[in-house]
Amino acid sequence: MKVNKKWLAVILSIVLIFSMTACGNTETPAASMEVTPSASETTAPESTETPEPAEAAFDMSALVGAYYDNMPDHIYKIAQADFVDMVKAGDAMTILDIRSAEDYGKGHIEGAVNMPWGTAISDGLSSIPTDKPVFVYCYTGQTAGQAVMTLNLAGFDARSVNLGWNLGISKVDGVDAVTTTEASTLTAGATTIDANVQSALDDYYAGLAAVSDTKYKNYKVSEDSLKEMIDAGDDSIYILSVRKADDYAAGHIAGAANIPFGKAMAADFDTLPMDKTIVVYCYTGQTAGQTTAALRLLGYDAVSLNGGMGNAANAPSGWANKGYPVVSEVTTGIEKLYAEMPDHIYKIAQADFIDMVKAGDDMTIVDIRSAADYEAGHVKGAVNMPWGGTAIATEMAKIPNDKPVFVYCYTGQTAGQAVVAFNLAGFDARSVNLGWNLGISKVEGVDEVVVTDATTLTDEVTTIATPVQAAILSYYEGLAAVADTTYKNYKISEDNLKALVDAGDDSIVILSVRGADDYAAGHIEGAINIPFGKAMIPEFEAQLPKDKTIVVYCYTGQTAGQATAALRFLGYDAVSLNGGMGTAANAPSGWANKEYPVVQ
């Protein structure tokens, strides 16, 4: 019988420590009321026998900590193609197929031994040799993730095969050459497992029976079940993302905490509640499986989310692949932007803006008109970041964030979109009412502050959060995709919307963000009303579909531009109606100015 070398080293170290402790005991005996016999009555031969050292207490937390602290670069996983190459090369290894006996019988990797997920694994530990690496595969990698954690805890050098049989191994070119139906077996008694570890793993795998008829079968939870619990406000769960910090920031399940998978993560486990079910998720489920096993062995009630967040490799499994909502620095930023919206609603009257320029107030002015129109004349001190490309996204970091930013376009509508991006990035930004054509150029005395000399920005002076920067860049890159469509500039003309309405096109939802009274007085037929204001973002999420194009309109287009940008950052396909409903200030643009019908 082969003794596990990892455990032999641990046991010898513990024996040495307790031997030294025993030799240094200087405890003073307690006083007694009994009469003490004379020395002659109590003298006895001095014993030379060495006392047995006290048995060390079993410390599961130390073993789990060591699992993470000693984590190799491969994080206890192997790519499916690399695994198949090793099998083809005849490398020395033990392969465990933990799928059902039936599926194993239909075909498995050459040399693989079947230990179906459950107590067969804990029962079979002593038959696994320790002188070669162990590779484990299941169906998708998730239960194999749990298994490799338990195997490494028992002293084996174990790794799971990425994406398991169904999504990984079976898709590797040439895998048929090493697929067989001939069974392989192991010899019992090859390895001695520490009794405490064996007992803990017996309990772990025996515990699967207790959850086999629950939503937590296999120490997992489905995407649908988790969604139901979140929607119900179930406070018995605690959601834990073990994805990288950047990926967590880019998008995570609402309410989830983040402890990135890696060497240091065990140190943060004590921040988790012991009285809730910890729902762990990663990318496709594999590292969440490892974490689930570790947490359960520490006494937590943990399960992993089926398919993790999900990606292309494991679709349609996974939270995001199911189309379930995620939140991010972007989504939370948008929510905060409007929940805390100031009275100026991120706009400034054109005359007030010109007065500030004349007074020499400290500000940054961004002209997002074309380069040609900027050169023909612009407000003194304005820098040019033309709308229609990525200039706003790529140049934004050159703007200082210690002073207000004022943005203008032609009519105010695309500037409305732009101020959302600027504010999301951390600037104090407002758009100038009605833009250059309808607003600024009509202000009395504006000629005093109109110049043709260009102002430029050179160095990046502001740090923008990576997920936010990426979202803003994606927003502006997306303009190219709609440049030759009905929705150019994330807008739609009055004529094109009229044609869609007349045709009964069900690919659109029309949204009025005007005040409730104005909506009641007259609105585009079929439009729903969510008034622009602090409460609108939760209403967007409650009422609007993500599988249709949301056509947003306001009065002249400016607040609809903001709403459009907010919706697009939240994942909706939204555009704004050119000119909005229309007023005297922006005639002849606008739905009513075009004399298109309204209903009450």
Side-chain angles (χ1 to χ4, degrees), residues 223-224 226-227 230-231 239 241 243 246-256 258 281 283 305 307-312 315-339 341 390 392-393 416-425 464-482 485 487 489-492 506-511 513 528 530 532 535-552 559-576:
E223 306 92 314
D224 295 342
L226 179 59
K227 179 68 162 55
I230 291 173
D231 289 347
I239 306 172
S241 166
R243 301 198 307 155
D246 285 350
D247 293 326
Y248 171 83
H252 57 269
I253 299 173
N258 184 222
Y281 74 91
Y283 297 90
L305 172 62
M309 180 59 81
N311 59 32
S317 296
W319 184 264
N321 286 336
K322 290 274 189 178
Y324 289 153
V326 298
V327 298
S328 65
E329 281 191 47
V330 174
T331 56
T332 55
I334 291 294
E335 289 166 358
K336 182 178 180 181
L337 187 65
Y338 287 96
M341 183 165 60
T390 59
I392 293 173
Q417 293 185 50
V419 294
V420 174
F422 277 107
N423 281 290
L424 183 63
I464 300 169
T466 300
V468 172
Q469 179 68 65
I472 293 172
L473 181 59
S474 178
Y475 187 96
Y476 285 99
E477 287 177 338
L479 287 168
V482 296
T485 74
Y487 300 135
N489 293 323
Y490 301 142
K491 293 171 60 180
I492 184 172
D506 64 358
S507 71
I508 62 171
V509 169
I510 304 174
L511 170 64
V513 294
I528 63 173
I530 301 176
F532 186 86
M536 71 179 182
I537 300 300
E539 291 302 316
F540 286 170
E541 295 172 338
Q543 297 189 45
L544 301 178
K546 286 194 172 180
D547 60 350
K548 295 180 183 291
T549 299
I550 313 298
V551 178
V552 190
T559 52
Q562 286 190 46
T564 293
L567 284 166
R568 294 192 74 90
F569 280 120
L570 291 172
Y572 293 87
D573 179 21
V575 297
S576 66

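These numbers come from the heavy atoms of this one structure, side chains and all, not from hydrogens, waters or symmetry mates. In this chain, numbering begins with 1 at the start of the sequence shown.
Contact check for Val575 versus Lys491: no side-chain heavy atoms found under the 4.5 Å cut-off. With contacts defined as side-chain heavy-atom distances shorter than 4.5 Å, the pair Glu223/Ser317 qualifies. Taking the side chain as every heavy atom from C-beta outward, Val509 and Val551 never approach each other to under 4.5 Å. Here the side chains of Asp247 and Tyr283 are in contact, with some heavy-atom distance below 4.5 Å. Side-chain contact between Ile230 and Ile239: present, with at least one pair of heavy atoms (C-beta onward) separated by less than 4.5 Å. No side-chain heavy atom of Phe569 sits under 4.5 Å from any side-chain heavy atom of Val468. Glu541 is listed as a side-chain neighbour of Glu335, based on a closest heavy-atom distance under 4.5 Å.
Under the 3.5 Å distance criterion, the side-chain polar atoms of Tyr490 are matched with a main-chain donor or acceptor of Leu479. No donor-acceptor pair under 3.5 Å is formed between the side chain of Ser474 and the backbone N or O of Ala470. Of the possible polar contacts, one joining the Thr485 side chain to the Val482 backbone as a donor-acceptor pair under 3.5 Å is found. In this structure a side-chain-to-backbone donor-acceptor pair under 3.5 Å is missing from Glu329 to Tyr248. Within the 3.5 Å criterion, the main-chain N or O of Leu570 finds a donor-acceptor partner in the side chain of Lys546. A donor-acceptor pair is defined here as one N or O able to donate and one able to accept, closer than 3.5 Å; such a pair exists between the side chain of Gln469 and the backbone of Ala393. Proximity of a side-chain donor or acceptor of Asn258 to a complementary backbone N or O of Arg243 within less than 3.5 Å is detected.
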Can Ile528 and Gln543 be said to form a side chain to side chain contact (heavy atoms under 4.5 Å, CB included), step by step?
CA-CA 9 Å; Ile528 63 173; Gln543 297 189 45; 4.2 Å; yes
Quick one: do Val420 and Ile334 satisfy side chain to side chain contact (heavy atoms under 4.5 Å, CB included)? Show the steps, please.
CA-CA 8 Å; Val420 174; Ile334 291 294; 3.8 Å; yes
Worked check of side-chain hydrogen bond (donor to acceptor under 3.5 Å, both in side chains) between Tyr487 and Asp573
CA-CA 10 Å; Tyr487 300 135; Asp573 179 21; over 6 Å; no
Start with the C-alpha distance between Ile472 and Phe422, add both sets of side-chain angles, then the distance that settles side chain to side chain contact (heavy atoms under 4.5 Å, CB included), and finish with yes or no.
CA-CA 9 Å; Ile472 293 172; Phe422 277 107; over 6 Å; no
Go through it in stages, so that I can follow the logic: the residues are Val326 and His252, the test is side chain to side chain contact (heavy atoms under 4.5 Å, CB included), and I'd like the CA-CA distance, side-chain angles, deciding distance and then a yes or no.
CA-CA 5 Å; Val326 298; His252 57 269; 5.9 Å; no
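Interatomic distance, Leu511 CG to Ser576 OG, rounded to the nearest 0.5 Å: 11.0 Å. With values rounded to the nearest 0.5 angstrom, Arg568 atom CZ is found 11.0 Å from Ile550 atom CD1. Between the CE atom in Met536 and the OG1 atom in Thr559 there is a gap of 8.0 Å [rounded to 0.5 Å].
Contact record, Ile253 with Tyr281: N-OH, 3.1 Å, taken as the closest heavy-atom pair. Here the shortest heavy-atom pairing between Ala574 and Leu567 reads CB-CB, 3.7 Å. Between Asn321 and Pro316, the shortest heavy-atom distance links the atoms CB-O, 3.5 Å. Minimum heavy-atom separation, Ala425 to Ile464: CB-CG2, 4.0 Å.
For Phe540 and Tyr572, the ring centers are positioned 6.0 Å apart or more.
Side chains of Tyr324 and Asp224: a donor-acceptor N/O pair is present below 3.5 angstrom, by distance only.
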